[in-house]
Visitor: 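Mind having a look at this structure? Questions to follow.
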Amino acid sequence: MTDSTPTISPGPSPQAEGRSIGRMLKLIAQILGFAVGIALLWWCVHEAMKNRDALKRLADATPGQIASLIGATLLVVFASGAAFRETLYPVRKLPMLEVQATNVIACLLALLPFKLSVFFRVLVHNRRDGVPVLTIGAWFSAVGVVILCVLAPMLGAGIWRGQADTLWFIAAGGGMLALLLAVLFTARSLATPNGWAWAQRFYAKLPLPRVLRPGSVAATHLFDKGHEGVRMLASPRVIFGCAGFRLLDFAAQAARIAIAAAIVGQEIQWDQALLAGSIFFLITAAAPSGALGAREGGTAWLIGAILPHLDKEKFLVVVLTVSGTEAVVLIVGSLVGMAYLRPDRFIRRGMSIPDAPAGPAV
């Protein structure tokens, strides 16, 4: 006689339930954050529409002004993509056109939630170019380090001086050079066998949970990623080349603010345009739920608080002009980029995990 008692399968573990709830909360937070961004964008447009004079000036913009604004936006996109390519150079040399095509699409996706821009970069460079996921993690981290070395002294000097005077240039330039050299020398020391062995011994002494202790899978992956990042930052070409492209990026950010301000009749100094462009860049990069709306509202609010003499409605027209121009450039560029990359040819491939082959010597 067979036992007909039904088998009761165990339910999901508490850990699995916790992860599921966490993913759901993150999804809700992303959606709510994006909704807030859309609301901010609507508010910006609503307030900007009150300034009829600025809107009339915008409608009467000359072809030269429009071309200058588009050119500055193209320069922002190019400098960003070139900085990404240069950072990876010690590990893998990628074609400039391919990196730029990926970058312009990622810049457009940065307006949306769920970190789609990061996902797209990983998808293209891993599945199309075969760059390992761990190397991509180190790559993005190295890009962030160089950005911090360039931007932090500029903002710090700006907070100290309140204007771009001689002391601002000395403090910003000196601080930037000091940070870049510190990163370069530290990375070059760690890139040697003795330096990396010291880093591993130091890591082993840290009070870490078992999952991160030396010998664990997580620790092995962490060291693989860290070593790739060290190789990148140990290259003078990466440090100073990327810093140069970032300076070009921030200069172009400031230029398009200044050009848009000139179009709508808002008087703004160069250092104020640089501050506004830097804030615009920071919010775009850091917005957790997509930059759309957050950067326009955030830039206008912060600049209004720092520079209260500016006409709020006119400056909103300035910010929206920059955003609108960028959106047009990114949409057109993304269409061209998609046609060049043909993601349908590699999107079904699996992720590449192994180490990347060695690139040019540091």
Side-chain angles (χ1 to χ4, degrees), residues 68-87 99-100 103-104 106-107 110-111 117 140 142-181 183 237-262 266 268-287 291 294-296 298-300 302-303 306-307 310 315 318-319 321-323 325-326 329-330:
S68 298
L69 192 55
I70 293 174
T73 302
L74 288 171
L75 196 55
V76 167
V77 177
F78 168 79
S80 172
F84 264 95
R85 178 183 182 270
E86 284 300 296
T87 306
V99 176
Q100 292 291 355
N103 183 65
V104 71
C107 289
L111 302 178
S117 61
F140 291 178
V143 169
V145 168
V146 176
I147 290 175
L148 185 63
C149 289
V150 172
L151 192 58
M154 291 171 57
L155 291 178
I159 294 171
W160 172 46
R161 298 301 302 164
Q163 58 181 336
D165 57 7
T166 302
L167 287 178
W168 180 90
F169 278 100
I170 294 173
M176 199 181 303
L177 182 60
L179 286 178
L180 291 170
L181 288 174
V183 169
R237 170 173 175 158
V238 168
I239 291 293
F240 296 110
C242 291
F245 282 123
R246 284 302 169 190
L247 287 173
L248 181 62
D249 184 356
F250 294 138
Q253 297 272 7
R256 59 182 186 170
I257 292 287
I259 293 167
Q266 170 65 71
I268 190 169
Q269 302 299 318
W270 180 86
D271 55 337
Q272 297 169 347
L274 180 62
L275 176 62
S278 300
I279 292 172
F280 193 86
F281 169 85
L282 275 176
I283 297 176
T284 301
R295 62 180 185 174
E296 291 81 10
T299 303
L302 285 171
I303 291 298
I306 298 171
L307 305 172
L310 292 182
F315 190 73
V318 171
V319 175
T321 300
V322 171
S323 293
T325 305
E326 182 179 87
V329 169
L330 292 180

Visitor: Between Cys242 and Ala83, which heavy-atom pair has the shortest distance, and what is it?
Guide: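 Scanning both residues completely, I find the closest heavy atoms to be SG-O, 3.3 Å.
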Visitor: Please evaluate residues Trp270 and Leu275 with respect to the criterion side chain to side chain contact (heavy atoms under 4.5 Å, CB included), reporting the C-alpha separation (whole Å), side-chain torsions for both, the decisive distance (0.1 Å), and the verdict.
Guide: CA-CA 9 Å; Trp270 180 86; Leu275 176 62; over 6 Å; no
Visitor: Give me the atom names and distance for the closest heavy-atom approach of Gly81 to Val99.
Guide: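 Heavy-atom minimum between the residues: O-CG1, 3.5 Å.
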Visitor: Can you list the residues that meet the salt bridge (charged side-chain N to carboxylate O under 4.0 Å, His left out) rule with Glu86, with sequence neighbours excluded?
Guide: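 Salt bridge (charged side-chain N to carboxylate O under 4.0 Å, His left out) check on Glu86 returns Arg237.
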Visitor: Is there a side-chain contact between Met154 and Trp168, using heavy atoms and a 4.5 Å cut-off?
Guide: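 In contact.
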Visitor: Which residues satisfy the side chain to side chain contact (heavy atoms under 4.5 Å, CB included) test with Ile268, sequence neighbours excluded?
Guide: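 Side chain to side chain contact (heavy atoms under 4.5 Å, CB included) list for Ile268, sorted by chain: Ile257, Ala261, Gln272, Ala273, Phe315.
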Visitor: For Ala171, give me all partners under side chain to side chain contact (heavy atoms under 4.5 Å, CB included), at least two apart in sequence or on another chain.
Guide: Ala157, Trp160
Visitor: Considering only distance and modelled atom types, tabulate donor-acceptor pairs under 3.5 Å from the side chains of residues 247-254, sequence neighbours left out.
Guide:
unit_1, atom_1, unit_2, atom_2, d
Asp249, OD1, Gln253, NE2, 3.4
Asp249, OD2, Arg246, NH1, 3.1
Gln253, OE1, Arg256, NE, 3.4
Gln253, OE1, Arg256, NH2, 2.9

Visitor: Just to verify, what does Thr87 make a side-chain hydrogen bond (donor to acceptor under 3.5 Å, both in side chains) with, not counting sequence neighbours?
Guide: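 Thr87: no side-chain hydrogen bond (donor to acceptor under 3.5 Å, both in side chains) contacts found.
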Visitor: Just by distance, do the side chain of Ser80 and the backbone of Val76 share a donor-acceptor pair under 3.5 Å?
Guide: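 No, because the side chain of Ser80 does not come within donor-acceptor range (under 3.5 Å) of the backbone of Val76.
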Visitor: Going by salt bridge (Lys or Arg N to Asp or Glu O under 4.0 Å), name the pairs with one or both residues in residues 167-179, residues two or more places apart or in two chains.
Guide: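 Sorted pair list comes back empty.
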Visitor: Got a sec, which residues hit ring pair (Phe, Tyr, Trp, His ring centres under 6.0 Å) with Phe245, two or more places apart in sequence or on another chain?
Guide: none
Visitor: Drop me the distance from Glu326's CD to Leu330's CG, to the nearest 0.5 angstrom.
Guide: 5.0 Å
Visitor: Going by the rule side-chain hydrogen bond (donor to acceptor under 3.5 Å, both in side chains), which residues pair with Glu296 if we only count those two or more places apart in sequence or in a different chain?
Guide: Ser323
Visitor: Leu302: which residues meet the side chain to side chain contact (heavy atoms under 4.5 Å, CB included) condition with it, sequence neighbours left out?
Guide: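 Result, side chain to side chain contact (heavy atoms under 4.5 Å, CB included) vs Leu302: Ile279, Ile283.
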Visitor: With sequence neighbours excluded, what pairs up with Phe78 under the ring pair (Phe, Tyr, Trp, His ring centres under 6.0 Å) test?
Guide: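 In terms of ring pair (Phe, Tyr, Trp, His ring centres under 6.0 Å), with neighbours along the sequence ignored, Phe78 is linked to no residue.
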Visitor: Return the CG to CD1 distance between Leu181 and Ile239, rounded to the nearest 0.5 Å.
Guide: 9.0 Å
Visitor: Under the rule for side chain to side chain contact (heavy atoms under 4.5 Å, CB included), what residues qualify as partners of Leu179, not counting sequence neighbours?
Guide: Cys149, Pro153
Visitor: What verdict does the side chain to side chain contact (heavy atoms under 4.5 Å, CB included) test give for Leu151 and Met176, after you've listed the backbone C-alpha separation in whole Å, the side-chain angles of each residue and the deciding distance to 0.1 Å?
Guide: CA-CA 8 Å; Leu151 192 58; Met176 199 181 303; over 6 Å; no
